[in-house]
Each structure stands twice: as structure tokens, then as C-alpha cells.
Amino acid sequence: MKNLFIMHTQYNILSALTVVQQEYFNDINDLLVSAEFDITEEYSKRLKNEFHNVGILQEHFDRTGVWNRATVFANKYKKAKAFLSDKYDRVITAQEQYFDTLLVSNLRKANPNLIWQSVEEDAYYTIQPVQQVGSSISRHVAKRIYYDLYLPLLYGKNPYYEIIPCYGANSGIQTIFLTFPTAARKELCGKDRKEIDLRCLIKATQKLYEENQEDCVLPDKSLVFLSDLISRYPNKDEVYHQICALFITHKRDGYQLYIKYHPRETTPWDFPSEINVIPSSYPSELLLAKNQGKNIVFVGNASTSIIISKKFGYETVSLIGKIGKHRNLDIINFYKNIGIEIV
């Protein structure tokens, strides 16, 4: 069988490679990345080692307007069509944006029996709606003209584009791969939900990140704070005091203390020298994979790293109850459901 993965983020790609290891290792697997991050040459080489053909679309939309997207969309669509094979048996997406569903529509013309599957994106909670209406009527009208009239006029009817409450909810998707399938939001409960296998997730993590990385082996009985960008915290002083309190409590219990800053962090906190700093460039997913089975507590806010930490079996703590993203009750309830401690 021949499969096409259409992915956007690094976590999407990790999920895609996990599904390859778990379900489709003996198939021909192509990867098309409509990148929402900058892809280095080294990372690109790793992708090409794991997938049969890899296409990378590095252009980014300017999300401040509507009409300035047209040129970028046209360039991406032209390159994507040139990359695609004549026929695929499956397509696996992460986001059902207009671009993605237009490609699905084209693939279905070549193969009416095309199987459409998905990997998780916002499968458990929503921070903001997938389709943002905007703050003004004029912006909303312009956006509807763009999607409902302009794009169909240029590229033909797109029967698979739907206004949906979350990615994965498109009516054309038959199966969705999830880290925690029983905790999926209600809009996905009608889908065939398959659980991501932990062993395959670990293997995919090592394949994507291990090369040219020094081992980051932590001692048993450690606490690691996985920090977001500090500028993103609405009350960074409260975050500092909260994590200091956790450091003090766990130090009394004999834990080694660590912090890993966000890779783009430029103004780190002034913690005491006894707090060890893990290199910010070291992938959090690889840190989790390398130290599995140890008594390590991982602390964060609201991120995929926190979810993966729990999947790997670590004691996991989220600060979202006091300092999180608008104290989103959906996130809090999901974390409690899968066993993440809220402080």
C-alpha cells in the first residue's frame, strides 16, 4: 500500500512516524510537510531517511490579513501537486485546513476508494477555535469570500472542507490515532480511535532526534521543569514563585533539580546555581525517551510535552490550575482525566 502523510508541526511529524512504525512499516510512505516551523537541513535529512519521498513547503502565511494569503497558497498548492504521486491508498492528515482538504479532494479523484485517517492535533481540548471569526464584521466577510468564492473559483469545488469544532472531526475521516483515545473530546467519539503504541512512540522519537545528540541521562529521583517561553506566561512572577516552591519541597525529599528552557528563550530566570540547566536545544521528547522508567517528576504548563510525559509513565505536574492559559477548564479536566496533577 502507498500512504501520504500531510503534516504541519514537529509533533505532527513525530506522530506520523509513530504511526508508520506501528501500522505501516512495510508500506511506501510519503511525507508532505506544510511547515509551521523552520526546517533545518539536518532535520530534513532525518525525514528523508524515514520516508520514501519527502516534500517540504516552507512558505508561511501572514495571518494578519486574508487576501495576502492568496500568493502563498498558490505557490504551496503548485508545489504540492507537483510532489504528489498519481495514486495513494491512504492519506493521513493532522489538520483539515482548506489546503489539506483540497489535496484530499484531488487524491480522491485519482482513487475514489482512498482511505482518510488522522493523527491528533487538538483532540482533547481547544484553546481557541479552529476557524476564528475575527473581531470585525468586515474581516469575517472578507474571509468568507476568500474561502467560499475566491478559492473555489481558482481551484474548483472542495467538497471536503468543513467548518469543524476541532481537527479530526471532518466527516470524511475514518480513523484517528490518539495518545489517549478514551479521553478524546466528544466530537471525535464517533471515529475509529486507535491508541498510539508507546514502544513505537519511543522508537520514532529516537529516529527523529537521537542522531548527533549527546545523552542527557538524569539521575533517579529528579524533578524537571519544562518551561514555556517566559514572555508567554501572563504572570511570570507567580510562575517563578510556584516553581521555586516545588523545587524547595522536592529538594527536602532528596530530588535533583533541573530546568529546561524553551529553545527560543533569551531571558532566563535567575534561579540558584543548584538548579541544573538542561540545554534548551535538547528535544524534550528525547529527554523523556532516554530516561523512561526512572523516578522523575516532570513539571510544565500546557503543552504536548506534558501529555507525552504522562504517556511515558512519568509523574507529571501542571501549573495550569493557578497560572495557566486563562485557567481553561477543558485542559484542567483533561489533565485530571489522564492522571496529571494540577497545582
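Just so you know, residue 1 is the first one in the sequence shown, and it goes up from there. The figures here come from the full heavy-atom set of this structure, side chains too, leaving out hydrogens, waters and symmetry mates.
Ring-plane geometry between Phe271 and Trp269 is classed as perpendicular, the angle between the planes exceeding 60 degrees on a 0 to 90 degree scale with a lower cut at 30.
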Checking His262 against Asp228 for the side-chain contact (heavy atoms from CB on, under 4.5 Å) test, could you report, in this order, the C-alpha distance in whole Å, the side-chain angles of both residues, the deciding distance, and whether it holds? CA-CA 6 Å; His262 190 281; Asp228 287 347; 5.6 Å; no
Check the pair Lys336 / Asn333 against side chain to side chain donor-acceptor pair (under 3.5 Å), numbers first and verdict last. CA-CA 5 Å; Lys336 287 180 177 179; Asn333 291 334; 5.3 Å; no
Run Glu341 and Ser318 through side chain to side chain donor-acceptor pair (under 3.5 Å) and show every step you take. CA-CA 6 Å; Glu341 181 183 350; Ser318 174; over 6 Å; no
Would you sort out whether Ile259 and Asn276 count as a side-chain contact (heavy atoms from CB on, under 4.5 Å), showing the intermediate values? CA-CA 6 Å; Ile259 182 169; Asn276 303 287; over 6 Å; no
Run the side chain to side chain donor-acceptor pair (under 3.5 Å) check on Glu162 and Ser171 step by step: do they pass? CA-CA 8 Å; Glu162 301 173 356; Ser171 61; 2.4 Å; yes
Starting from the C-alpha separation in whole Å, work towards a yes-or-no answer on side-chain contact (heavy atoms from CB on, under 4.5 Å) for Glu274 and Lys251. CA-CA 10 Å; Glu274 64 187 2; Lys251 181 183 177 182; 2.6 Å; yes
Pair Tyr161-Gln97, side chain to side chain donor-acceptor pair (under 3.5 Å): steps then yes or no: CA-CA 7 Å; Tyr161 179 68; Gln97 298 181 22; over 6 Å; no
Give the C-alpha distance, both sets of side-chain angles, the deciding distance and a yes or no for salt bridge (charged side-chain N to carboxylate O under 4.0 Å, His left out) between Glu315 and Lys310. CA-CA 7 Å; Glu315 181 181 347; Lys310 191 61 187 177; over 6 Å; no
Apply the test salt bridge (charged side-chain N to carboxylate O under 4.0 Å, His left out) to residues Arg46 and Glu50: give CA-CA distance (whole Å), side-chain angles for both, the deciding distance (0.1 Å), then the verdict. CA-CA 7 Å; Arg46 293 180 194 174; Glu50 302 303 329; over 6 Å; no
Under the side-chain contact (heavy atoms from CB on, under 4.5 Å) rule, what do Ser303 and Leu226 come out as? Steps first, then yes or no, please. CA-CA 9 Å; Ser303 66; Leu226 302 172; 5.9 Å; no
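Inter-residue side-chain proximity for Val343 and Leu319 is flagged as met; some heavy-atom pair is nearer than 4.5 Å. No side-chain heavy atom of Thr93 sits less than 4.5 Å from a side-chain heavy atom of Asn170. In this structure, Leu246 and Val297 have side chains that are not in contact, with every pair of non-hydrogen atoms separated by 4.5 Å or more. No side-chain heavy atom of Tyr335 sits under 4.5 Å from any side-chain heavy atom of Asp330. Between Ser284 and Lys260, some side-chain heavy-atom pair lies under the 4.5 Å cut-off. Proximity of Tyr261 to Leu229: side-chain heavy atoms (C-beta onward) are nowhere separated by under 4.5 Å. Contact check for Leu31 versus Leu4: no side-chain heavy atoms found under the 4.5 Å cut-off. Proximity of Asp30 to Val54: side-chain heavy atoms (C-beta onward) are nowhere separated by under 4.5 Å.
Without hydrogens or angle criteria, Gln22 side chain to Asp197 main chain gives a donor-acceptor distance under 3.5 Å. Remark: side-chain polar atoms of Asn29 are paired, donor with acceptor, to backbone N or O of Tyr24 under 3.5 angstrom. In this structure, Tyr160 contributes its side chain and Glu96 its backbone to no donor-acceptor pair below 3.5 Å. The closest donor-acceptor contact from the side chain of Glu120 to the backbone of Thr179 lies under 3.5 Å.
Shown here for Ser309 and Phe298, the closest heavy-atom pair between the two residues is OG-CB, 3.5 Å. Of all non-hydrogen atoms in Ser44 and Ile56, the two that sit nearest each other are OG-CD1, 3.5 Å. Nearest heavy-atom pair across Lys157 and Pro159 is O-CD, 3.4 Å. The shortest heavy-atom contact between Asp253 and Lys221 is O-NZ, 2.7 Å. Counting all heavy atoms, side chain and backbone alike, Ser15 lies closest to Val119 at CB-CB, 3.9 Å. Nearest heavy-atom pair, Ser118 versus Gly168, reported as atom, atom and distance to 0.1 Å: OG-CA, 4.1 Å.
For the pair Lys76 and Phe99, the cation-pi criterion (under 6.0 Å, within 45° of the ring axis) is fulfilled. Remark: Lys311 is positioned above the aromatic ring of Phe180, its terminal NZ or CZ atom under 6.0 angstrom from the ring centre and at most 45 degrees off the axis. The cationic group of Lys203 lies under 6.0 Å from the six-membered ring centre of Phe25 and within 45° of the ring axis, placing it in a cation-pi geometry. For the pair Lys2 and Tyr88, the cation-pi test (distance below 6.0 Å, angle within 45°) is passed.
Asp100 and His8 are linked by a side-chain donor-acceptor pair at a separation below 3.5 angstrom, with hydrogens and angles left out of the test. Counting only N and O atoms by type, the side chains of Asn12 and Glu121 include a donor and acceptor under 3.5 Å apart. A side-chain N or O of Tyr77 and one of Asn106 form a donor-acceptor pair less than 3.5 Å apart. Counting only N and O atoms by type, the side chains of Lys78 and Asn75 include no donor and acceptor under 3.5 Å apart. If you check the side chains of Tyr43 and Gln10, you find no donor sitting under 3.5 Å from an acceptor. With hydrogens and angles left out, the side-chain atoms of Ser105 and Asn158 include no donor and acceptor closer than 3.5 Å. In this model, no donor atom of one side chain and acceptor atom of the other lie less than 3.5 Å apart for Asp220 and Asn295.
Here Leu201 contributes atom CG and Ile308 contributes atom CD1; the two are 6.0 Å apart, rounded to the nearest 0.5 Å. Within the model, atoms OG of Ser305 and CG of Leu287 stand 9.0 Å from one another, a figure rounded to the nearest 0.5 Å. Remark: Leu208 CG to Ile13 CD1 distance equals 7.5 Å, nearest 0.5 Å. Residue Arg90 holds its CZ atom at 11.5 Å from CG of Asn111, rounded to the nearest 0.5 Å. With rounding to the nearest 0.5 angstrom, the OH atom of Tyr98 is 6.0 Å from the CG atom of Leu102. Taken from CD1 in Ile176 to SG in Cys189, the straight-line distance is 10.5 Å, to the nearest 0.5 Å.
The cluster map of Ile, Leu, Val, Met, Phe, Trp and Tyr, joined by side-chain heavy atoms under 4.5 Å apart, puts Leu32 and Ile28 in different clusters. Met1 is not connected to Leu107 by any chain of hydrophobic side-chain contacts under 4.5 Å among Ile, Leu, Val, Met, Phe, Trp and Tyr, and they are in different clusters. Tracing side-chain contacts under 4.5 Å through hydrophobic residues (I, L, V, M, F, W, Y), one reaches Tyr240 starting from Leu223; they form part of the same cluster. Under the 4.5 Å side-chain heavy-atom criterion for ILVMFWY residues, a single connected hydrophobic cluster contains both Ile278 and Phe312.
Checking each of Leu288, Ile340, Ile306 against Tyr314 for a side-chain contact (heavy atoms from CB on, under 4.5 Å) leaves exactly one that passes, namely Leu288.
Ring-centre distance between Tyr155 and Phe73: below the 6.0 Å cut-off.
Atom NZ of Lys81 has 12 or fewer neighbouring heavy atoms from other residues, nucleotides or ligands inside a 6.0 Å radius.
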